[in-house]
Participant: 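If you scroll down you'll find the structure; I have some questions about it.
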Number of protein chains: 2
Amino acid sequence: MRGPETRTEIIGAADRLFYERGFEHTSFADIAEAVTIARGNFYYHFKSKDEILSAVIARRVAHTTALLERWARDNPTPRGRLSAFVGMLEVNGDAIMRYGCPVGTLTIELSKLLHGSRDQVVGLFDLFRDWLAEQFRALGRDADAQALALHLLMRSQGVATLYTAYRDRDFVIREMAMMESWIDEVAGTQPAATI
Amino acid sequence: MRGPETRTEIIGAADRLFYERGFEHTSFADIAEAVTIARGNFYYHFKSKDEILSAVIARRVAHTTALLERWARDNPTPRGRLSAFVGMLEVNGDAIMRYGCPVGTLTIELSKLLHGSRDQVVGLFDLFRDWLAEQFRALGRDADAQALALHLLMRSQGVATLYTAYRDRDFVIREMAMMESWIDEVAGTQPAATI
DNA sequence: GTCTATACGAAGATAGAC
DNA sequence: GTCTATCTTCGTATAGAC
């Protein structure tokens, strides 16, 4: 009777577990336990594990889109929006420290597995990249908006990985401040020296 | 009769496969096939898969140490040594594009698995970090050598991850040039603005 | 829609012959 | 030291009752 809700619960639990334990290391038994349903009942909702992954990615696309819209709504200026992006490293700090970036780590795992859904996950990076580029364009950097967006995305990935490795919060705070300085430089009247 | 050699071959094959496919997704059968020995013969050399992992990490520590020594030998100046580090992104470009950074990706995987050897792998980061800090100190940045080292390490991780995601060589070339500019800024007489 | 029971294969690990 | 054979556990997936 609660079919659609069970499906949604499965996707939610799978999303969390794929992030925390990795896609391969998450079994149906793990997900079933999290949702408290029988293992066999799974296949009424999904034909295979890959199908769950597709649903998880779709869910992440929806959530990311909503997140970017919220950031845009809460921050009227492009400069403030870029800070919202940088602030994510602190807001999600605990999770990143333990499990890394949800997008980066899944991309790497699926790349190594030669998994067909890899490109779909990279699409999540696209969402951030395009949104960031939009902000840089609004700051008058039309020519290199895309490159600037990738640079900021690159930094957030690097910080996330080293945060997971070293679990050093001071490092993250320091790097976030450097990212803000860099954005200020880019947003300034004269073009920045380093880019 | 070739016992020690077989052991070395196993470690070498495991090293490569752990990198390319991930630790969890590499089976004994995979390694056995690569070395062309029987699956069962494994346990004469190693008691468990974790023991192979330990041996692989030890091998990587030795190789990394040798690499850093070679870089120091081939490049007399600290500035040149830092470029050698940056150049790694291009030298190992194809592998990074497909499998990411060997250190970063294994750190993330073992972190998610809550694996006991995680800290040993982070020790590989330490080797690079300390070596880089040494170069920054030689450039007169005694006070923040460690932070500068972590910053460069962070950038290389970020570039590696986005290279695996987007497979865009131009992005890597561009980011490498930015890293060089940043190093020049740091190495210059006046302290850099962004750090 | 959800359950139990079960088939099937893969993977880690062991025993014992050569 | 290396082999074959085998045990056991786990994970994906299916069948069929309720």
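Here is how names work: the chains are called A, B, and so on, in the same order as the sequence lines, proteins then strands, and each is numbered from 1.
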Participant: Which nucleotide in the list C/dG1, C/dC3, D/dT2 gets nearest to the side chain of A/I37?
Facilitator: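 Taking heavy atoms from C-beta onward, the closest nucleotide is C/dC3.
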
Participant: State, with a plain yes or no, whether a side-chain heavy atom of B/L53 is found less than 4.5 Å away from one of B/H115.
Facilitator: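 SC-SC contact between B/L53 and B/H115 confirmed.
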
Participant: Tell me which nucleotide among C/dG1, C/dT4, D/dT12 gets nearest to the side chain of A/Y44.
Facilitator: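 When the side chain of A/Y44 is considered, C/dG1 is the closest of C/dG1, C/dT4, D/dT12.
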
Participant: Look at atom CZ of B/R167 and say whether more than 12 heavy atoms of other residues, nucleotides or ligands are closer to it than 6.0 Å.
Facilitator: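 It does: B/R167 CZ has more than 12 such atoms within range.
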
Participant: For C/dT2, does either OP1 or OP2 sit under 4.0 Å from a side-chain N or O belonging to A/T6?
Facilitator: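 Yes, A/T6 has a side-chain N/O under 4.0 Å of OP1/OP2 on C/dT2.
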
Participant: For A/H151, run the side chain to side chain donor-acceptor pair (under 3.5 Å) check against B/R174, B/E175, B/R155 and tell me which one passes.
Facilitator: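 Single side chain to side chain donor-acceptor pair (under 3.5 Å) partner of A/H151 among B/R174, B/E175, B/R155: B/E175.
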
Participant: Using a heavy-atom cut-off of 4.0 Å across all strands, would you classify A/Y43 as base, sugar-phosphate, or nothing?
Facilitator: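 Result for A/Y43 = base.
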
Participant: Rounded to whole angstrom units, what separation is found between the CZ atom of B/R39 and the C1' atom of D/dC7?
Facilitator: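 It works out to 12 Å between those atoms.
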
Participant: Given the rule in the salt bridge (charged side-chain N to carboxylate O under 4.0 Å, His left out) test, do B/R118 and B/E109 qualify, once you have shown the distances and angles that lead to the verdict?
Facilitator: CA-CA 9 Å; B/R118 195 202 85 101; B/E109 183 178 5; over 6 Å; no

Participant: Report the nucleotide, chosen from C/dA13, C/dA11, D/dA13, that has the shortest atom-to-atom distance to any side-chain atom of B/S27.
Facilitator: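 Nearest to the side-chain atoms of B/S27, counting from C-beta on, is C/dA11.
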
Participant: Measure the distance from NE2 on A/H45 to C1' on C/dC3 and round it to the nearest whole Å.
Facilitator: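 After rounding, the gap between these two atoms is 12 Å.
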
Participant: Phosphate oxygens OP1/OP2 of C/dA11: is one of them under 4.0 Å from a side-chain N or O of B/H25?
Facilitator: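 No.
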
Participant: Given atom CG of A/D30 and atom C1' of D/dG11, what is their separation to the nearest angstrom?
Facilitator: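 Nearest whole value for this atom pair: 10 Å.
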
Participant: Send over the distance from B/N41 CG to C/dA13 P, rounded to a whole Å.
Facilitator: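 To the nearest whole Å, that distance equals 15 Å.
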
Participant: Take atom NZ of A/K49 and atom P of C/dA10, then tell me their distance rounded to the nearest Å.
Facilitator: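 Roughly 16 Å, once rounded to whole Å.
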
Participant: Please determine if A/R39 and A/E33 form a salt bridge, counting it only when a charged side-chain N lies under 4.0 Å from a carboxylate O.
Facilitator: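 Salt bridge absent between A/R39 and A/E33.
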
Participant: Could you state the CZ-P distance from B/F46 to C/dT14, rounded to the nearest angstrom?
Facilitator: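 To the nearest whole Å, that distance equals 15 Å.
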
Participant: Rounded off to whole Å, could you give me the CZ-to-P distance for the A/F28 and C/dT6 pair?
Facilitator: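 It works out to 21 Å between those atoms.
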
Participant: Judged by each residue's nearest nucleotide on DNA chain D, which is more toward the 5′ side, A/S48 or B/T36?
Facilitator: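 First, find each residue's nearest nucleotide; the 5'-ward one identifies B/T36.
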
Participant: For the pair made of CZ in A/F42 and P in C/dG1, what is the distance, rounded to whole Å?
Facilitator: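 Nearest whole value for this atom pair: 16 Å.
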
